[in-house]
Structures are given as structure tokens and as C-alpha cells.
Amino acid sequence: MSAPSAAHAPRASASEAPLIAMHGVNKWFGSLHVLRDVDLDVSRGEVVVVVGPSGSGKSTLCRVINRLEPIDSGDIHVDGRPLPVEGRALARLRAEVGMVFQQFNLFAHMSVLDNVTLGPVKVRGVPREQARRRARELLGRVGIADQADKMPARLSGGQQQRAAIARALAMDPKVLLFDEPTSALDPEMINEVLDVMTALAGEGMTMVVVTHEMGFARRAADRVVFMADGQLLEQAPPAEFFDHPRTDRARDFLSKVL
Ligand code: ADP
Ligand code: MG
């Protein structure tokens, strides 16, 4: 793993602190306790892959980090600051903590290029022409420069997801969260998305990735986190987790997915 690039090099005093720090985080949906005393630190440049059965709270874990969902107790810091609740600070947080969803979530009524340009212009105040140049560059980086002027619906699922990654990157995020980014894709398109993610990981992007792609986890993760029933039951380097899971829950899970 290479060091984080200068582009997201933090203030010297903050560089030792984790980029994401979650302590004692609890979240309920009504009477359903979906995050139970979650402690999770993510360092700069680290790739954390979150695995676990359906319904264990993986999406919620992602969504509380950029405050798409509020938490009920505990605290979350991103880059040394507590999560903002509203206003410009919240918009800035959402720019710093990029998110890539299973369903791509591109704006259907605007071109791929406009999808990637919108955030930097509206939230970051980047001049339009500059944002468009950067967007073309990023679309090239994810291998779909030739799709820039099309509407999202004209793209394959794999191309749409790569456009969504370019859109997230356009905000110069400090960290990217991926929530099952390949689960909605036809099998032949999964690798083109995983390859882009693997390249980002290699370039030092800080990433939290929820996925069922265990090959990707082995290859790209610095650490695998196993979640069940709202708890982080195991955290280990991939070789250790896959070869020597410690809990029955993890062994049972792995016997089904491997
Ligand atoms: P995972 O991503 O691991 O499948 P989720 O975080 O999506 O798990 O969901 C955890 C639990 O919380 C599930 O039981 C799910 O049904 C429930 N849940 C998720 N979102 C909501 C919501 N907005 N309202 C009520 N229950 C929810
Ligand atoms: Mg989920």
C-alpha cells in the first residue's frame, strides 16, 4: 500500500489521528438495534472491507459515517472533527466522504459529464470549465471517457457504476464509502468495477467497502471487518480472517460465501 497522496495530506497535527473514528456508536430503527456499540477507526490510506450477512447493519454503518442516518449514541469524528448536523458543514462532510451505492444513483436527466461536473461546481465552487476538464480526466481514469456525453441510461451497469465512482472522485473526497457497488451488476461487469476500485486502493485512497466479493477483499483490503447483528465481531487482515476466523458466526458466514 502506497502512502496517501499529497492531495489529501492532512494538517501535520491530524495526520496521526484516524481519518474516521467511531466510538460506542448505537443506532436503532424503532425497537431494532442495528448498530451495537460500534468502535471502528479507519486510518488514512487504509482499505477496510466490511462483510457479513444480510441485515447485519453494513449499509447503516456506511450511512451514519456521512450522516445520511443520525446515530442515537456514541460519537463519530471524520478528520478530527465531530460530524456536523446541518448546513454548509454537512454539505462539506458529504463532499469529503464520498459514497458509491449499489444502484449507482446517477442523475438520470443529465449527461454522464454533467453528473460528474455538478458537485464540484455547486458544492466546491469550482469554475464550470475547470470542472468539466477534470470530469473528462476522471472519466478517462475509470475507462469511460468515450461515454461522457451520453445519458446514464445508455450505459451498461458497469459503465454507470464507474461513472458514479468518477462523480465521487470529482469532489476530492478524503474517503470513499462503497455499499455493495457490484451487487446490482451482471457478472461480466463486476470485474471492470472491482479493477477501478483496486487501482484506487493502490493509489492510497482511504476506502470502506461493503462487498460480498471475497476475492476483492483478499486482494485489496488492509483489514476485513466482520459484522453480524449490528456488532463488529472480528477485525483482521484478510489472510487471517479468511484462513482463521475466530467466531462461529464468521465460520458459518464464510462457509456460505466462499
Ligand atoms: P445490511 O446492509 O447489512 O444488509 P442494513 O444496514 O441495511 O443491513 O440493515 C440493518 C437492519 O436495519 C435490517 O434489519 C434492516 O431491515 C433495518 N433497516 C435498515 N434501514 C432501515 C430503515 N430506514 N428503517 C427501518 N429499518 C431499517
Ligand atoms: Mg446493505
Side-chain angles (χ1 to χ4, degrees), residues 20-42 47-76 78 83 85-86 90 93-94 97-106 157-158 160-161 164-165 168 175-187 189-190 193-194 197 207-218 220-221 223-236 238 241-242 245-258:
I20 298 172
M22 306 177 72
H23 294 125
V25 170
N26 284 279
K27 166 80 185 167
W28 280 263
F29 285 117
S31 59
L32 190 63
H33 198 176
V34 286
L35 295 178
R36 297 169 181 255
D37 293 320
V38 167
D39 294 318
L40 179 66
D41 285 352
V42 180
V47 177
V48 172
V49 170
V50 181
V51 303
S54 176
S56 56
K58 305 181 300 295
S59 292
T60 306
L61 179 75
C62 287
R63 294 170 62 82
V64 299
I65 296 173
N66 66 359
R67 218 172 186 287
L68 289 173
E69 293 286 354
I71 58 175
D72 293 301
S73 67
D75 57 84
I76 304 177
V78 171
L83 289 194
V85 179
E86 59 186 9
L90 184 57
L93 171 81
R94 300 245 168 91
V97 181
M99 185 135 178
V100 175
F101 301 89
Q102 182 174 330
Q103 295 299 343
F104 326 138
N105 293 10
L106 294 168
Q160 288 187 55
Q161 193 57 300
I165 293 172
V175 52
L176 278 181
L177 312 176
F178 294 83
D179 190 4
E180 300 202 30
T182 61
S183 294
L185 298 177
D186 291 335
M189 293 171 187
I190 291 176
V193 172
L194 293 180
M197 294 167 59
M207 296 166 45
V208 176
V209 182
V210 177
T211 185
H212 297 296
E213 294 293 330
M214 298 300 150
F216 172 81
R218 253 192 204 271
R223 182 159 42 120
V224 175
V225 169
F226 174 68
M227 235 183 136
D229 297 329
Q231 287 179 295
L232 307 193
L233 288 187
E234 302 196 25
Q235 299 193 40
F241 174 73
F242 289 114
R246 294 197 185 133
T247 60
D248 288 342
R249 289 301 300 272
R251 273 189 288 276
D252 179 56
F253 173 76
L254 288 172
S255 74
K256 288 171 181 151
V257 296
L258 288 181

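Since we're looking at a predicted model, the values are computed, not measured. Order of listing sets the numbers, starting from 1, for every ligand and every atom in it.
- Backbone or side-chain N, O or S atoms of Ser59 reach the Mg ion (ligand 2) at under 2.8 Å.
- Protein heavy atom in closest approach to atom 27 (C) of ligand 1: Phe29 CD1, 3.2 Å.
- Between the side chains of Gln231 and Arg36, no donor-acceptor pair is found at a separation under 3.5 Å.
- Residue-level proximity to ligand 1 for Leu61 is absent, since no heavy atom of it falls below 4.0 angstrom.
- Close contacts of ligand 1 with Pro53, meaning ligand atoms under 4.0 Å from a residue heavy atom, involve 3 (O).
- In terms of heavy atoms, Ala168 sits closest to Leu176 at CB-CD2, 3.5 Å.
- Ranking the protein heavy atoms by distance from atom 7 (O) of ligand 1 puts Ser59 CB, 3.6 Å first.
- Considering only heavy atoms from C-beta on, Arg249 stays 4.5 Å or farther from Glu234 through its side chain.
- Shortest contact from atom 4 (O) of ligand 1 to any protein heavy atom: Gly55 N, 2.7 Å.
- At a threshold of 4.5 Å between non-hydrogen side-chain atoms, the residues Thr182 and Phe216 do not count as touching.
- By the 4.0 Å heavy-atom criterion, Ser56 is counted among the residues contacting ligand 1.
- The closest protein non-hydrogen atom to atom 9 (O) of ligand 1 is Thr60 OG1, 4.0 Å.
- Screening Val193, Val208, Val209 for a side chain to side chain contact (heavy atoms under 4.5 Å, CB included) with Phe178, the sole residue that qualifies is Val209.
- The pair Asp248-Arg251 meets the salt-bridge criterion, with a side-chain N (NZ, NE, NH1 or NH2) lying under 4.0 Å from an Asp/Glu carboxylate O.
- Contacts of Val34 with ligand 1, taken as heavy-atom pairs under 4.0 Å, involve the side chain alone.
- Protein heavy atom nearest atom 8 (O) of ligand 1, with residue, atom name and distance: Gly57 N, 3.1 Å.
- Distances shorter than 4.0 angstrom do not occur between any heavy atom of Gly230 and any atom of ligand 1.
- Residue Lys58 is tested with Thr211, Val225, Val50 for a side chain to side chain contact (heavy atoms under 4.5 Å, CB included); the sole match is Val50.
- Taking the side chain as every heavy atom from C-beta outward, Val175 and Ile20 approach each other to under 4.5 Å.
- Protein heavy atoms are found less than 4.0 angstrom from atom 18 (N) of ligand 1.
- In terms of heavy-atom proximity, Leu35 sits nearest to Gly57 at CD2-O, 3.7 Å.
- The protein heavy atom nearest to atom 16 (O) of ligand 1 is Leu32 CD2, 4.7 Å.
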